[in-house]
*Asks:* 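My structure is below; once you've seen it, I'll send some questions.
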Amino acid sequence: MPMLNNPSLWLPAFFRPQADTHKYDRGCAVIFGGEAMTGAARLAACACARVGAGVTIVVAPTKEAGMIYRSALPGHIIVEDLKRVEDHLADPRRKAALIGPGGGDVKKRVLAILKDKTPCVLDA
């Protein structure tokens, strides 16, 4: 008999934070955003925060894009100016990355993320 989808199937897999849990224990997502098309990165950042990532970071490719992200995103989502991809992933607490077609020099950035072996989502 097939099992029906209900909380008893998936509830045990959910992370249950303890009183001494730190935000980085809940994960840190790094989203490489686009310059002109900022919507997907903003939606992804809000989704990461909503599902429980302890820290969500959007990397803006230009100062102008950074102003858009900073003005449009809630204050608990961090916006960083773009450096080398490796610099954004150097902190071992940063556990996952996301990059999409709006992310500038996508090929170079994707190769850097894959070389770093950071778990990632590649949005085509």
Side-chain angles (χ1 to χ4, degrees):
M1 180 162 144
M3 298 189 73
L4 298 176
N5 184 8
N6 65 62
S8 67
L9 292 176
W10 42 261
L11 196 57
F14 276 99
F15 175 75
R16 296 182 191 278
Q18 303 300 312
D20 62 346
T21 300
H22 189 273
K23 62 186 168 195
Y24 283 103
D25 294 333
R26 297 188 62 118
C28 176
V30 180
I31 300 160
F32 291 88
E35 181 176 359
M37 298 174 7
T38 62
R42 289 185 287 135
L43 285 171
C46 290
C48 286
R50 183 176 174 111
V51 300
V55 180
T56 303
I57 299 167
V58 174
V59 178
T62 64
K63 297 280 187 200
E64 294 77 18
M67 289 189 302
I68 293 170
Y69 288 117
R70 286 180 182 93
S71 66
L73 289 169
H76 64 281
I77 296 176
I78 300 165
V79 178
E80 295 180 345
D81 295 326
L82 179 66
K83 301 174 273 198
R84 293 177 338 116
V85 169
E86 297 85 355
D87 294 339
H88 292 286
L89 302 176
D91 186 336
R93 299 175 299 180
R94 296 181 178 199
K95 302 290 188 190
L98 180 146
I99 188 168
D105 188 353
V106 175
K107 181 178 179 181
K108 180 180 175 184
R109 293 181 190 154
V110 166
L111 291 174
I113 292 169
L114 293 174
K115 182 179 178 186
D116 188 68
K117 297 188 182 340
T118 298
C120 63
V121 173
L122 305 176
D123 178 15

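Values reported hereafter were calculated over all heavy atoms of this structure, with side chains retained and with hydrogens, waters and symmetry mates removed. Throughout, residue positions are numbered sequentially from 1 according to the sequence presented.
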*Asks:* Where is the tightest heavy-atom contact between Leu98 and Ala44, given as atom of each residue plus distance?
*Replies:*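 It is CD1-CB, 4.2 Å.
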
*Asks:* Would a 4.5 Å heavy-atom cut-off, applied to side chains only, mark Leu122 and Ile99 as touching?
*Replies:*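 Side-chain contact under 4.5 Å: yes.
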
*Asks:* Determine the minimum heavy-atom distance between Ala60 and Ala65, stating which atoms define it.
*Replies:*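 Where Ala60 meets Ala65 most closely, the heavy atoms are CB-C, 4.1 Å.
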
*Asks:* Is there a continuous path of hydrophobic side-chain contacts, each under 4.5 Å between heavy atoms, that joins Leu9 to Leu11?
*Replies:*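 Result: yes, single cluster for both.
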
*Asks:* Is there a path of hydrophobic side-chain contacts, each under 4.5 Å between heavy atoms of I/L/V/M/F/W/Y residues, joining Leu73 to Met37?
*Replies:*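 No, it is not one cluster - the side chains of Met37 and Leu73 are not joined through contacts under 4.5 Å.
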
*Asks:* Between atom CG of Leu82 and atom CZ of Arg84, what is the distance when rounded to the nearest 0.5 Å?
*Replies:*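 Spacing of CG (Leu82) from CZ (Arg84) equals 11.0 Å.
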
*Asks:* Would you say Lys63 and Asp81 make side-chain contact, with heavy atoms under 4.5 Å?
*Replies:*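 Side-chain contact under 4.5 Å: yes.
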
*Asks:* Quick one: pull up CZ in Arg26 and OG1 in Thr56 and give me the separation to the nearest 0.5 Å.
*Replies:*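 If we round to the nearest 0.5 Å, Arg26:CZ and Thr56:OG1 are 10.5 Å apart.
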
*Asks:* Look at the aromatic rings of Trp10 and Phe14 and report parallel, tilted or perpendicular, splitting at 30° and 60°.
*Replies:*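 Ring orientation, 0 to 90° scale: perpendicular.
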
*Asks:* With respect to Ile113, which candidate in Val30, Val85, Val121 satisfies the side chain to side chain contact (heavy atoms under 4.5 Å, CB included) definition?
*Replies:*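 Of the listed residues Val30, Val85, Val121, the side chain to side chain contact (heavy atoms under 4.5 Å, CB included) partner of Ile113 is Val85.
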
*Asks:* So, for Ala41 and Tyr69, which heavy atoms are closest and what is the spacing to 0.1 Å?
*Replies:*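 Shortest heavy-atom contact: CB-OH, 3.7 Å.
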
*Asks:* Here's a test for you: under side-chain hydrogen bond (donor to acceptor under 3.5 Å, both in side chains), which of Arg109, Glu80, Lys83 qualifies with His88?
*Replies:*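 Running side-chain hydrogen bond (donor to acceptor under 3.5 Å, both in side chains) over Arg109, Glu80, Lys83 with His88 returns exactly one hit, Glu80.
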
*Asks:* State the CG-CD distance between Asp25 and Gln18, to the nearest 0.5 angstrom.
*Replies:*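 Those atoms lie 10.5 Å apart.
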
*Asks:* What's the shortest heavy-atom distance between Pro12 and Pro7, and which atoms?
*Replies:*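 Looking at all heavy atoms of both residues, the closest pair is CD-O, 4.1 Å.
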
*Asks:* Please report the interatomic distance CD(Glu64) to CE(Met67), rounded to the nearest 0.5 Å.
*Replies:*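 Those atoms lie 5.5 Å apart.
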
*Asks:* Might you point out which heavy atoms bring Gly33 and Pro61 nearest each other, and give the distance in Å?
*Replies:*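 Gly33 and Pro61 have their closest heavy atoms at O-CD, 3.4 Å.
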
*Asks:* For Glu86 versus Ala112, what's the shortest heavy-atom pair and its separation?
*Replies:*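 Minimum heavy-atom separation between Glu86 and Ala112: OE2-CB, 3.4 Å.
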
*Asks:* According to a hydrophobic-cluster definition based on side-chain heavy atoms being under 4.5 Å apart (Ile, Leu, Val, Met, Phe, Trp, Tyr only), do Val59 and Ile77 belong together?
*Replies:*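 Not linked; separate clusters.
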
*Asks:* When rounded to the nearest 0.5 angstrom, what is the spacing between CD1 in Ile31 and SG in Cys120?
*Replies:*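 Here the interatomic distance stands at 13.0 Å.
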
*Asks:* Using the rule that Ile, Leu, Val, Met, Phe, Trp and Tyr join whenever any side-chain heavy atoms are under 4.5 Å apart, tell me whether Leu89 and Val110 fall into a single cluster.
*Replies:*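 Linked, Leu89 and Val110 end up in one cluster.
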
*Asks:* Counting N and O atoms only, with roles assigned by atom type, does the side chain of Arg93 sit under 3.5 Å from a partner on the main chain of Cys28, one being a donor and the other an acceptor?
*Replies:*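 No.
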
